[in-house]
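Worth saying up front: this structure is predicted, and the values here are computed from it rather than measured.
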Amino acid sequence: MAPSLSKNNALDISTLVDRNVNSPLSITLQGTTFLANGHPILTEVPLNITATPSPNKTTVGCFVGFDSDEPKSRHVASLGKLSGIKFMSIFRFKVWWTTHWVGTTGNDVQHETQFMILDKNDTTNRPYVLLLPLLEPPFRASLQPGTDCHVDMCVESGSTRVTGSTFRSVLYMHVGNDPYSLVREAMEVVRVHLGSFKLLEEKKPPAIVDKFGWCTWDAFYLTVHPNGVWEGVKTLVEGGCPPGMVLIDDGWQSICHDDDPLTDEEAMQRTAAGEQMPCRLTSFVENYKFRDYKSPRGKGHGMGAFVKDLKEEFGSVDYVYVWHALCGYWGGVRPGVKGGKGFPESRVIRPKLSEGLQKTMEDLAVDKIVNNGVGLVEPEMAHQLYEGLHQHLQSVGIDGVKVDVIHLLEMLSEEFGGRIELAKAYYKALTASVRKHFKGNGVIASMEHCNDFMFLGTEAISLGRVGDDFWCSDPSGDPNGTYWLQGCHMVHCAYNSLWMGNFMHPDWDMFQSTHPCAAFHAAFHAASRAISGGPIYISDSVGRHDFKLLKSLVLPDGSILRCQDYALPSRDCLFQDPVHDGKTMLKIWNLNKYTGVLGLFNCQGGGWCPKSRRNQSFPEFSKLVTCLATPKDVEWSHGKNPIPIKAIEVFAVYMFQEKKLKFLKPEETVEISLQPFSYELLTIAPLRVLPKKLIQFAPIGLVNMLNTGGAIQSLEFEDSETLVKIGVRGSGEMRAFASEKPTACKIGGEEVEFDYVNKMVIVQVQWPSSSRTTVVEYLF
């Protein structure tokens with residue numbers, strides 16, 4: 001195998017064993033067949049394929065390589081024939097973005113597949129198998145369809161000047177009996193093997209994950225200006241939903257076209273879709289709209305004065321982030337510009353799409369970039385680009401950056417040693433600057449969905465977008481796209497998190513509270529964000545807000561009720577198609593401190609079409625969908641703080657939409673039917689028995705909040721189990737199940753009125769004077 005990319009190999013892989021079963025696991029290559037626990041998974045494996053056991057004591061994985069007759073910059077090698085085994089995968093449907101795909105043969109595999117799991121077979125004891133394409137510098141691998149049901153590995157350097165013929169670790173295969181543990185354990189092995197990234201568990205996401213935010217993009221697009229930002233924050237504050245984070249998106253930088261004079265006024269007139277993409281950065285300093293801001297408080301002028309005024313006027317705003325592209329701007333940096341001290345020189349490079357990228361969906365951004373080239377700063381000077389930009393931003397009070405257009409470098413790598421070497425130089429420079437200026441984690445990564453970035457760019461970055469953009473409407477003009485694209489977005493985010501969540505905390509992107517899928521379909525987007533476990537931010541136009549909906553997400557101090565972990569698809573839909581099979585419900589689970597949550601979303605109606613190579617409407621599948629839900633859909637033993645349920649015999653299940661409480665044993669199910677682009681949220685609470693009086697009790701949470709159970713911050717049983725104390729964060733209607741009516745309820749030691757309806761104790765909780773929790777006591 002190739003040596004590690006760095007010596008940062010602190011994790012101990014000797015402890016990596018399957019945590020769910022005692023039986024030994026194995027993955028082996030015997031003759032021309034790959035076997036998992038002795039069962040064939042890939043047949044007709046070519047003789048040039050090699051398999052090397054992973055270096056841990058239990059041998060649950062192997063690294064795969066191959067030999068070629070001649071050195072080349074791009075190789076396509078068959079991994080073997082896949083037939084009759086269900087798989088789920090993550091592939092790049094756009095240059096920048098990945099999504100979920102399922103199939104049963106090698107012919108079903110999509111080009112640029114980054115991640116693939118073969119389903120297990122309980123009857124034969126065949127385990128799950130993960131196929132994970134890797135980097136073997138200077139090459140990078142992906143999977144794609146071969147001929148006659150074969151799965152091919154595509155291994156490429158990104159430069160005709162960089163060739164190779166022998167590979168030993170371009171793919172890692174791992175086996176296990178739990179799909180979530182399978183992925184986590186495999187990533188630990190690869191973390192040690194490559195040594196070039198850090199797992200999410202080794203890092204801390206930025207504090208914005210716990211804040212409600214507002215992004216300027218859909219509100220202004222490129223016309224963003226200080227007065228508009230001020231009014232946007234003001235209307236949210238006055239409506240009772242103060243943002244804790246403001247993200248000033250594209251439109252604040254000094255840019256221009258190559259044929260424009262060196263002034264940003266001309267570029268700021270280019271507001272039609274895509275017109276800004278050929279523009280290039282001309283200065284680290286903000287454009288005239290923000291540069292000309294004058295503080296009415298006498299705080300000076302420019303971006304620094306504006307940020308200071310914004311934070312002082314609106315106390316909830318703790319963080320202001322701004323947008324910039326990885327290469328400075330969409331079109332990079334303009335050559336020959338004296339953009340101020342430290343402004344780097346650049347030259348225009350013509351991008352070249354690989355064969356795999358040519359199979360992705362047509363994209364306006366890609367077309368513009370390819371046609372106009374990118375003003376690329378030489379890799380050895382990339383540190384100058386980020387140091388100059390970030391030093392200025394830090395000096396004017398900016399707390400972090402959204403780095404967009406990340407996966408651009410692979411198109412520019414021909415004369416820079418290939419895609420891996422160019423990426424390493426840029427990501428090293430970006431990481432160093434973020435550590436220096438933004439506390440090491442003040443970044444939202446975007447347009448980054450490729451294994452180059454995951455394995456090279458996440459040493460410090462700990463928050464990243466896991467779905468394509470939130471599209472208000474279909475950019476291709478389909479009027480139904482206003483709806484089916486929202487289902488696509490949720491599926492992107494949910495399934496991509498299974499892969500990307502190991503590197504970065506998943507960010508499900510902004511949405512609009514007044515979008516038709518929010519208003520007409522009862523908060524479709526808001527419900528998914530509420531239980532995603534990531535940041536919650538909107539892109540509402542100024543003054544156009546659904547405050548009733550927003551108050552089910554946002555607390556009065558600008559914070560949110562965030563789950564303990566990031567949401568993932570339930571086991572029973574991992575290998576199903578929740579967008580165009582007409583029958584599968586998207587189910588996602590997460591954990592709060594004391595409750596589980598299960599989200600059900602009918603996303604059927606549109607998605608990827610392999611024939612047209614684009615996302616499109618499939619109206620024949622947009623119909624009522626019915627599914628079964630059970631407490632076992634929540635993976636109670638996973639996450640940072642698992643909830644022990646071994647002794648739990650019954651769960652209280654609160655249905656947010658129906659406002660009903662049901663009781664289910666671990667194996668029991670409830671049937672739920674949903675219309676297209678509608679949802680249901682189930683708060684699932686283990687039911688406990690107070691032994692002294694044999695009273696059954698289960699906390700539910702604030703039922704006015706979408707993440708109902710997230711309000712419960714503490715749970716104590718005292719006085720020989722006749723007193724229950726619940727620490728509640730937030731305000732509104734607090735509910736708990738009790739098999740008997742309490743003798744009294746107290747808040748702050750004082751008795752309060754309560755209702756007892758259908759075995760639920762209902763107490764009204766007021767927002768305290770600070771962000772502390774309110775303790776509600778139940779006496780029996």
Side-chain angles (χ1 to χ4, degrees), residues 11-27 34-39 41 54 56-62 85-90 100 102 115-132 172-192 199-201 494-503 506 533 563-576 586-591 596-598 629-646 648 666-667 684 686:
L11 292 182
D12 180 9
I13 59 175
S14 65
T15 61
L16 298 181
V17 298
D18 188 271
R19 300 178 174 111
N20 299 280
V21 292
N22 295 319
S23 60
L25 292 163
S26 64
I27 178 75
F34 270 109
L35 303 172
N37 281 15
H39 299 283
I41 53 171
S54 59
N56 66 42
K57 296 177 181 179
T58 53
T59 314
V60 293
C62 68
I85 298 177
K86 280 186 178 181
F87 72 81
M88 65 83 66
S89 62
I90 304 295
H100 172 247
V102 295
F115 174 100
M116 184 173 178
I117 300 178
L118 308 184
D119 198 3
K120 73 172 183 175
N121 186 314
D122 291 325
T123 303
T124 64
N125 195 34
R126 187 188 71 223
Y128 294 107
V129 183
L130 172 66
L131 282 66
L132 187 66
Y172 180 62
M173 300 174 70
H174 197 84
V175 295
N177 290 302
D178 178 307
Y180 309 102
S181 296
L182 172 87
V183 177
R184 185 179 68 252
E185 292 168 358
M187 293 301 179
E188 290 172 347
V189 173
V190 173
R191 157 73 171 83
V192 173
L199 297 167
L200 175 60
E201 65 196 45
Y495 288 89
N496 283 338
S497 294
L498 186 62
W499 172 45
M500 298 179 197
N502 294 277
F503 305 94
C563 291
Q564 296 286 289
D565 296 289
Y566 53 89
L568 290 173
S570 62
R571 292 188 191 218
D572 59 345
C573 63
L574 281 177
F575 298 90
Q576 305 301 320
L586 174 65
K587 296 196 292 185
I588 60 175
W589 61 271
N590 210 333
L591 295 175
V597 60
L598 185 67
T630 171
K632 290 184 67 176
D633 286 331
V634 175
E635 300 287 335
W636 302 93
S637 63
H638 287 281
K640 293 178 293 186
N641 299 292
I643 298 176
I645 62 163
K646 188 175 181 179
I648 302 300
E667 305 287 342
I684 306 176

Would you check, one step at a time, whether the test side-chain contact (heavy atoms from CB on, under 4.5 Å) holds for Asp565 with Lys640?
-> CA-CA 7 Å; Asp565 296 289; Lys640 293 178 293 186; 3.6 Å; yes

Evaluate the side-chain proximity of Tyr172 to Ser54: yes if any heavy-atom separation is below 4.5 Å, no if none is.
-> yes

Interatomic distance, Ser89 atom OG to Phe575 atom CZ [nearest 0.5 angstrom] = 10.0 Å

Passes side-chain contact (heavy atoms from CB on, under 4.5 Å), Glu185 versus Leu130? Steps please.
-> CA-CA 10 Å; Glu185 292 168 358; Leu130 172 66; over 6 Å; no

Under the side chain to side chain contact (heavy atoms under 4.5 Å, CB included) rule, collect the residues that match up with Pro179, sequence neighbours excluded.
-> Tyr128, Arg571, Leu574

Using the test salt bridge (Lys or Arg N to Asp or Glu O under 4.0 Å), find all partners of Lys120 that sit at least two apart in sequence or belong to another chain.
-> Asp122

Mind checking side chain to side chain contact (heavy atoms under 4.5 Å, CB included) for Thr123 and listing every partner two or more places apart, or none if nothing turns up?
-> Asn121

For the atom pair OG (Ser181) and CD (Glu635), what is the distance rounded to the nearest 0.5 Å?
-> 8.5 Å

Can you name the closest pair of heavy atoms from Leu182 and Gly176 and give their distance?
-> CD1-N, 3.3 Å

Can you find a heavy atom in the side chain of Val60 that is under 4.5 Å from one in the side chain of His174?
-> yes

Trp636 CH2 to Ile645 CD1 distance, which is reported to the nearest 0.5 Å | 6.5 Å

Please lay out, stage by stage, how Met88 and His100 fare under the test side-chain contact (heavy atoms from CB on, under 4.5 Å).
-> CA-CA 7 Å; Met88 65 83 66; His100 172 247; 3.8 Å; yes

Below 4.5 Å, heavy atoms only, C-beta onward: do Val634 and Val597 meet side chain to side chain?
-> no

The side chain to side chain contact (heavy atoms under 4.5 Å, CB included) partners of Pro631 (sequence neighbours excluded) come to Phe651, Leu664, Ile684

Residues in side chain to side chain donor-acceptor pair (under 3.5 Å) with Gln576, at least two apart?
-> none

Listed partners of Ser497 passing side chain to side chain donor-acceptor pair (under 3.5 Å), at least two apart = none

Might you point out which heavy atoms bring Thr630 and Pro666 nearest each other, and give the distance in Å?
-> OG1-O, 3.0 Å

If you round to the nearest 0.5 Å, how far is OG of Ser570 from CD1 of Ile588?
-> 9.5 Å

For residues Gly501 and Pro506, report the shortest heavy-atom separation together with the two atoms involved.
-> CA-CG, 4.1 Å

What one should report as the nearest heavy-atom pair of Ala494 and Pro569 is O-CD, 3.3 Å

Compare all side-chain heavy atoms of Leu591 with those of Ile643 and state whether any distance is below 4.5 angstrom.
-> yes

Less than 4.5 Å apart, any side-chain heavy atom of Arg126 and any of Ile85?
-> yes

Would a 4.5 Å heavy-atom cut-off, applied to side chains only, mark Leu131 and Val129 as touching?
-> yes

Side chain to side chain donor-acceptor pair (under 3.5 Å) partners for Asn590, two or more places apart = none

Please name the pair of heavy atoms, one in Pro644 and one in Pro642, separated by the smallest distance, quoted to 0.1 Å.
-> CD-O, 3.6 Å

Kindly write out the residues that satisfy salt bridge (Lys or Arg N to Asp or Glu O under 4.0 Å) with Asp633, not counting sequence neighbours, or none if the list is empty.
-> Lys587

Audit row: Tyr566, Trp589, ring-ring contact (aromatic ring centres under 6.0 Å, His included) steps and yes/no = CA-CA 9 Å; Tyr566 53 89; Trp589 61 271; 8.5 Å; no

Find the distance between CZ (Arg184) and CG (Leu200) and round it off to the nearest 0.5 Å.
-> 12.5 Å

In chain order, what residues pass the side chain to side chain contact (heavy atoms under 4.5 Å, CB included) check against Val183, with sequence neighbours excluded?
-> Phe115, Ile117, Met187, Leu498, Asn502

Residue set satisfying ring pair (Phe, Tyr, Trp, His ring centres under 6.0 Å) with Phe87, at least two apart, ordered chain then number -> none

Are Ile90 and Tyr495 side-chain neighbours, meaning at least one heavy-atom pair lies under 4.5 Å?
-> yes

May I ask you to test the Leu25-Asn37 pair for a side-chain heavy-atom distance under 4.5 Å?
-> yes

Atom CG in Asn641, atom CD in Gln564: separation rounded to 0.5 Å?
-> 5.0 Å

